[in-house]
Amino acid sequence: QVQLVESGGGLVHAGGSLRLSCAASGSTFGIWTMGWYRQAPGKQRELVATITTGGSTNYADSMKGRFTISRDGAKNTVYLQMNSLKQEDTAVYLCHAASTTSYWGQGTQVTVSS
């Protein structure tokens with residue numbers, strides 16, 4: 001089993017920045033990819049960014065250039081640096097990990113005000 005705990009969400013003004021963290025614990029050896037998804041009320045869950053244990057990354061087009069995903073293998077932690085935040089970035093951000101099974105964190109709220 002894998003447990004994922006997110007942190008770092010909060011309230012920021014448009015144009016501001018936040019850094020989210022996701023710490024994985026438990027049977028993490030088999031995890032080959034981790035990432036961030038987000039879901040706003042009335043919208044479908046969408047991909048934000050993913051990163052493999054080898055360091056390969058991918059981003060949703062709307063986040064590319066503003067968000068950066070990174071990892072610390074020694075700490076079993078992934079990060080999402082979010083810059084130039086917009087009101088439309090307001091959502092619950094959820095951490096995801098996959099081995100032969102998918103795991104989800106509980107999410108952390110990001111609210112961007114005008």
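Just so you know, residue 1 is the first one in the sequence shown, and it goes up from there.
A distance-only check finds no donor-acceptor pair linking the side chain of Ser21 to the backbone of Ser7 [under 3.5 Å]. A donor-acceptor pair under 3.5 Å is formed between the side chain of Thr77 and the backbone N or O of Lys75. Side chain of Thr90 to backbone of Gln87: a donor-acceptor contact under 3.5 angstrom is found. Judged by distance alone, the side chain of Thr108 and the main-chain N or O of Gly9 form a donor-acceptor pair under 3.5 Å. A donor-acceptor pair is defined here as one N or O able to donate and one able to accept, closer than 3.5 Å; no such pair exists between the side chain of Arg71 and the backbone of Asn76.
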Set out, in order, the CA-CA distance, both residues' side-chain angles and the distance that settles side-chain contact (heavy atoms from CB on, under 4.5 Å) for Arg38 and Lys43, then state yes or no. CA-CA 9 Å; Arg38 70 184 187 185; Lys43 288 192 172 184; over 6 Å; no
Would you check, one step at a time, whether the test side-chain contact (heavy atoms from CB on, under 4.5 Å) holds for Ser113 with His13? CA-CA 5 Å; Ser113 64; His13 292 290; 3.1 Å; yes
List the steps, then state whether side-chain contact (heavy atoms from CB on, under 4.5 Å) holds for Arg45 with Leu94. CA-CA 9 Å; Arg45 185 174 296 179; Leu94 301 113; 3.8 Å; yes
When you look at Asn83 and Gln81, which way does the side-chain contact (heavy atoms from CB on, under 4.5 Å) test go after all the steps? CA-CA 7 Å; Asn83 299 324; Gln81 178 67 47; 3.0 Å; yes
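Hydrophobic clustering keeps Trp32 apart from Val78 (ILVMFWY residues linked when any side-chain heavy atoms are closer than 4.5 Å, directly or through intermediates). Under a hydrophobic-cluster definition in which Ile, Leu, Val, Met, Phe, Trp and Tyr are linked whenever side-chain heavy atoms come within less than 4.5 Å, directly or via other members, Val12 and Met63 are assigned to the same cluster.
Residues that satisfy the side chain to side chain contact (heavy atoms under 4.5 Å, CB included) test with Val110, not counting sequence neighbours, are Leu18, Leu20, Met82, Tyr93, Val112.
The minimum heavy-atom distance linking Ala97 with Leu4 is given by the pair N-CD1, 3.7 Å.
Separation of atoms OG (Ser17) and CZ (Phe67) is listed at 9.5 Å; rounding is to 0.5 Å. One finds the CD1 atom of Ile31 at 6.0 Å from the OG atom of Ser99 (value rounded to the nearest 0.5 Å). With rounding to the nearest 0.5 angstrom, the CD1 atom of Ile69 is 11.5 Å from the OG atom of Ser56.
Crowding of Gln106 atom CD: a count of heavy atoms from other residues, nucleotides or ligands under 6.0 Å not exceeding 12.
The shortest distance between side-chain heavy atoms of Trp36 and Glu6 falls below 4.5 Å. With a 4.5 Å cut-off on side-chain heavy atoms, Leu47 and Tyr59 do not count as touching. Considering only heavy atoms from C-beta on, Val48 comes within 4.5 Å of Leu80 through its side chain. Taking the side chain as every heavy atom from C-beta outward, Ser25 and Gln3 approach each other to under 4.5 Å. The shortest distance between side-chain heavy atoms of Met34 and Thr52 does not fall below 4.5 Å.
Taking the six-membered ring where the residue is Trp, the centroids of Tyr37 and Trp104 are separated by under 6.0 Å.
A cation-pi arrangement, defined by a distance under 6.0 Å to the six-membered ring centre and an angle within 45 degrees of its axis, is present between Arg19 and Tyr79.
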